[in-house]
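Each chain gets a letter, A, B and so on, in the order its sequence line appears, and its residues count up from 1.
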Amino acid sequence: MFHQFSATAESLSKASSLVLRIGTDAHLYDDPDDVSIGPLLESRFDSEKVDALKRLLALLAQGSDVSQFFPQVVKNVASQSLELKKLVYLYLLHYAEKRQNEALLSINCFQKDLSDTNPLVRAWALRTMAGIRLHAVAPLVLRAITKCARDPSAYVRKCAAYALPKLYDLHHDEDNSSFEELVDILLNDHSPGVVGAAAAAFKSVCPSSLFLIAKSFRRLCEILPDVEEWGQIVLIEILLRYIIARHGIVKESIMFSLSTMSTTPVADGFPTFSGTSGSCQTLVGTTCDVNMITLMCKSYIDGQIECFAQTGCSNSSDDKLDLSLTSSTNDDVVMLLRCTSPLLWSHNSAVVLAAAGVHWIMAPRENIERIIKPLLFILRSCQASKYVILCNLLVFAKAVPPFFSQYYEDFFVCSYDTYQIRALKLEILSIIATESSIPIILQEFQDYVKDPDRRFVADTVAAIGLCAQRLPMVASACLEGLLAITFYESSLSSSSQIDGEAGVLVQAIMSIKAIIKQNPDSYDRVIVQLACNLDRIKIPAARALVIWIIGEYSVIGQIIPKVVPSILNYLAWSFTSEEPDTKLQILNTAAKVLLCAQGADSLAFRKILSYFIELAKYDINYDVRDRAHFIFKFMPHSLMTSSEKDNNSDISQNGRMHHEPGGKILNGKMHSSISSTKSSRIYLPGSLSQIVLHAASGYEPLPKPCSLLNTDLTAGVVNETNDSDISSGSSIEESGSVYDSDHSSISSDDGNESSWLDEEPGVSSIQTSQQASSGRISINNLNLLVEIFFENCSSEPIKNIALKDGESSSSVESSDQVLGESESLLRTANVPPVLSTEEIASLDPGQRVKKLIEIRFPHHLLPLKLVVTCNGKKFSTKLWPDIGYFLKPLSMNTSAFIDHERQLPGMFEYSKRCTFKDHIEKIAPVKDDSSIHSDKIILLSQILTSKVLSNCNVSLVCADIPVSFNIDDASGLCLRFSGELLSNSKPCLISILVEGKFSEPFVLTVKINCEETVFGLNLLNRVAAFLQ
Amino acid sequence: MLEKQMAGHRVDRSICAWFWDYVLSQGGDPSMILPVIASPTHYLFQLFRDGIIFLACTQVEMPPLMGIEFLCRVADVLTDYLGGLNEDVIKDNFVIVYEILDEMMDNGIPLTTEPNILREMITPPNIVSKMLSIVTGKNSNVSANLPDATASCIPWRKTNPKHSSNEVYVNLVEEMDAVFNRDGILVKCEIYGEVQVNSHLPGLPDLTLSFSNPSILYDIRFHPCVRFRPWESDQILSFVPPDGEFRLMSYRVKKLKNTPIYVKPQLTSDAGNCRVNVLVGIRNDPGKAIDSITVQFQLPLCVASANLTPNHGTVNILADKTCCWSIGQIPKDKSPSLSGNLVLEVGLDKLHVFPVFRVGFRIMGVAFSGLQIHKLDVKNTPSEPYKGFRALTRSGEYEVRA
């Protein structure tokens, strides 16, 4: 009957879904290729084109590569139908990077759309144009964004803000100023939506240019509640960073008030928490884990460690510290806190968490409690966010448990929680438990112990142990409960093996062990009880633990020494049937017991131990054999029978010497195990790094307090620093042209594009004098030798100057934190960009040193990051490649050149006109001498050729000299150069056609034929630039 | 699988294969794995909703909640558009899904997430448009004009909605979370409620909603349209509503002392058998009928077979050992009970793990927290609209431990 029903139900649902699917695009998805797409795309009707594109999207969604239709699709970009346009854009964005050359064809259309009257069309055009990622069009996109940033429609301005990061990602060049300018314009927009988008742009384009925020800080705060939710998240973070950089930490906040208090006796306040009468009155009745907060503070703020280390030992540096502090009455701080507090009521849990983060860091400690309720409220959203919020709450709870102690109810586990959430809740519960709440919490834990998820039960047992350690008052009650669990579990595991039960048992004994360790003397009965039940405990790891406890506390109290011999006898009886782990522990325990034993027992113990050693020496497991030998060698004295000892007093002397290390090794008190590395890693609240517990790439701690100086604010662009203070190294990141000459930095010689070119002959000459065989650019691997002059312009000597590759050094740094994960893996594949670096020990004032380094550029548009270190400080700089280096000469004759030219027509050919007037002063002196007018043309050719050759690594093919009757006319002169790309040996042809008279500036037409369109276009711009 | 590349740096599809391997290695249940995963190349955020996995990846630092919250929003919007969420509807409407995703996110930054505006930009599929597309062969679900609201300072509202109706409904929907421990003591009881508003008002109406007992609200969260100031000063909700349905406010009421129904499970086990007896009854009559009562629990793994009979309603035992007892309404004359016997696996004498009973119910017409709407004022409308109020209480995380 059920079968029939289910069959009809199935057919019914099928039928109903069929009905529902009529009119949808289902048929397109199911069978995208049932008609040929090509002709549809060529159709005259928009509807057919739409159909074709939907099919393409379906294929794309299913993972197939449909880029072969690219040219046909691109043609449709000019369509008037919006739906068609939208679909074309979707397709285009997906494949543009793959088919760069064809994508260039669409640029014209976008530019036309940008001046459309419909704002939606303008916005789409801008979004797509910025999204297609072509280096060649980057300048066009920048122009488009600049235009759209002043668009009357807020939506278009918003899209302009969103386009900025795309462009920046594609091509961030020498100066950021144009980007910064745009961000500035957009941040000052009156529409909240645009401000939100601008905040996102700010974060990805110029996150360190906090001075941009300075002038509009108050306005941004006021507008914050009106910004849309996603923008709020980013804007809150930016404002927080600004406040820290501008005013420093708030004196009354927990971060400061507690981390500097570590010298006071409250240092280990919470573990011995006893009511509200803490030793520190300033804490307003709450105690906190100061170590935790200090650690947190260090992790949040960049370079804060030294600052607090100083105050920790003395108060003499107080005035210095005050510089980086501000009070909670600071207007800006009050403003930020006031404007973020309504956001704690936001619908969006990410906004709530971000706002709570600001309060956590900045708010005076009395006011922090207001963030707790909203944080607990957002716990009731989807499981995924629950996990993230709990991860953050855990850190807060660890730092200041009293804030949460009254909210324990919210952390009770319910059956809908996943395992990870339960584990987090347990951890928080065990941290926030207080004397008043612990009975209820323990009651709750008792329920958890019966949960079907045994992994969770094991965690609960561990949490009980933690609570007992934290609150000694309940320790004995906890211990009783744990013992009950132990006996129950041990009886259970004897009857049947069920997954996870073993874990519970082991964890129970571990918790017992931890509790006993705190006060072994009062728990001797517990140890005896455990020992007596040893035969019922079957799980090897659990047995080993019990045996360890017996060995460790064998002399404590009255009862234990009495039962130890019988336990050892029992173990001697069962030794052969034990697992290796247990055997090892039995050996240790027997040795330990013997070392502690006095009087009559020692003889019996000695016998038992030698019996164990005899057995263990012939064990199957070599670890056990090793342990037996080890104990035997270290304790020969104790193992000898008394009669032998009398005979060889000589050996007994030796034995006594060995006795010492043996005792030390086995009886040495265990140091508390290193607290788990996980808990010591703290990142900013709400960050991804806090969840994955390593610094994700792009993670930045808060800026250094008060690192944003007033001078920066007035200057607008950060390009000045004091002579004495090099520490604000961020300024050196600018391009070479803005370096001040009085700056005591060494970097003024490199990084500058113009000085680059001047150096070039020098580079080649030195190279040839040393090694005639290798050229200026060693072919195939794009290596380049650069001559660098280090000159000390300051008045003091500079020590230990070294030049390093910025990328690799940064990756070393990050891998320290990341434990060598993803990114370092990615980088090792590449050859290091800088091949040779030598350190200069010292440089006196005015001294000049020349160094050669070998460099490899990754891309013709991307700079190479270098780090100069001196006096232990780091300055980063960038070296910009010149596109001319990415070519090598390719010799060919004129006919071959023309052949090649013919093979690269259409989109592979581009030209640009420019004016040329260098000849006027150079040729002017010979102007009178009309008899050698043909030489004038040769002279001109020479000037042009040398110009090209000194900038591009190409060879001259031919120079067509025109047959002309007018001596003053050079029209028709044509110079041809050829080269090939280093990366893939594709030919690249340059022709320069001259028009005009000698007396006037010439008009040059530069034409480049190259298959690599992007490279070609960039080269064209470069050639035109240097000819002008 | 649908894929939308957001940022310029393309993410290879192979990350999905990695994800599946990871899911399988973690036990194969996508609802049980971590929401934030660090894969060798990317950080993944995942959301599992109605059998669909939403996956987002990033290589750089970003607030993870932002990612998850956005995925939730995408899921909400898709559910809203497609009238449900399953593989088939997504396949059937893949073009719309692509278009929505494109509008919702730009280069990894959320763009337009407000459902009102999205609806104007991309028309949701409905019967009329489907029929039209069949008849005329044409369909365009992309609007030709930019919604004006994107420029206004109230981005959540269409500027000039036209309605034949002039009405506003306010719905109090409350979910009750309660936990009873093994001794039958109420450990935790709180209500999570939402004020849902469905407004169809012309022009730019300005609404004010006040409660007669706002002091019982323990904690609140607002829709962006709510002005903060009036709430801070007078605890009045003042807002310009979006058009259509939305969640105006959500709140929590804590420390409730009683629950509408009781569930008393008893399990006694000996000699490989376990007697089960579950009693359900009304503890606190809310004055309205309690319906759709269900009791659900997971039989422990060590149970070999089960024989359960109710004296009212039906019992279903599913393949994954979930036991569902649907009661419906409690009859007048008897109190429903479920009794039976569980046979444990061989070798087990007693039951050592106990199931948790999840209880479901629904009470129409009552807000169990006692929250009452005082009045709703509508200003700025041409004529006085029709106002409707409703309330509903249903069970949330309501569980009884045996």
Under 4.5 Å, counting heavy-atom pairs only, tell me which of [options] racks up the most with chain B.
options                : value
A:S346, A:C382, A:A354 : A:S346
A:V457, A:V449, A:D410 : A:D410
A:G193, A:A130, A:A350 : A:A350
A:Y89, A:Y448, A:Y419  : A:Y448
A:L87, A:L353, A:D447  : A:D447

Side chain to side chain contact (heavy atoms under 4.5 Å, CB included) assessment of B:I185 paired with A:Q443: CA-CA 11 Å; B:I185 297 165; A:Q443 180 79 35; 5.9 Å; no
Pair A:E444 + B:R401, salt bridge at N-O below 4.0 Å: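 B:R401 and A:E444: salt-bridged.
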Taking every non-hydrogen pair under 4.5 Å, which of [options] racks up the most with chain A?
options                : answer
B:R247, B:K254, B:M249 : B:R247
B:F222, B:F48, B:F354  : B:F222
B:L34, B:D183, B:V356  : B:L34
B:M66, B:E399, B:E232  : B:E399
B:K188, B:R229, B:R182 : B:R182

Examine whether an atom of [X] lies under 4.5 Å from a heavy atom of chain A, and if so say whether it belongs to the side chain, the backbone or both; otherwise answer neither.
X      : result
B:P63  : both
B:Q46  : backbone
B:I220 : both

Heavy-atom proximity to chain B below 4.5 Å, by part of [X]:
X      : value
A:V227 : neither
A:L376 : both
A:I378 : both
A:K85  : neither
A:C414 : both
A:S385 : both
A:Q420 : side chain

Backbone of A:S415 reached by a side-chain donor or acceptor of B:R358 within 3.5 Å: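 Yes, the answer is positive, given that a donor and an acceptor are paired below the 3.5 Å cut-off.
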Measure the spacing between [atom1] of [X] and [atom2] of [Y] and express it to the nearest 0.5 Å.
X      : Y      : atom1 : atom2 : result
B:N181 : A:I440 : CG    : CD1   : 11.0 Å
A:K373 : B:D219 : NZ    : CG    : 5.5 Å
A:N348 : B:L65  : CG    : CG    : 8.0 Å

Geometric class of the B:F228/A:W345 ring pair [parallel <30°, tilted 30-60°, perpendicular >60°]: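 The arrangement is tilted - the two ring planes meet at 30° to 60°.
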Side chain to side chain contact (heavy atoms under 4.5 Å, CB included) evaluation trace for B:V187 with A:F412: CA-CA 9 Å; B:V187 173; A:F412 283 175; 3.2 Å; yes
For B:R73, side-chain hydrogen bond (donor to acceptor under 3.5 Å, both in side chains) partners two or more places apart: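 With neighbours one apart ignored, the set is A:E229.
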Heavy-atom side-chain proximity of A:H347 to B:S250 below 4.5 angstrom: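 In contact.
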Side chain to side chain contact (heavy atoms under 4.5 Å, CB included) assessment of B:F70 paired with A:W230: CA-CA 9 Å; B:F70 179 75; A:W230 311 109; 3.9 Å; yes
Stepwise side chain to side chain contact (heavy atoms under 4.5 Å, CB included) test for B:D177 and A:R380: CA-CA 10 Å; B:D177 293 1; A:R380 207 186 183 288; 2.8 Å; yes
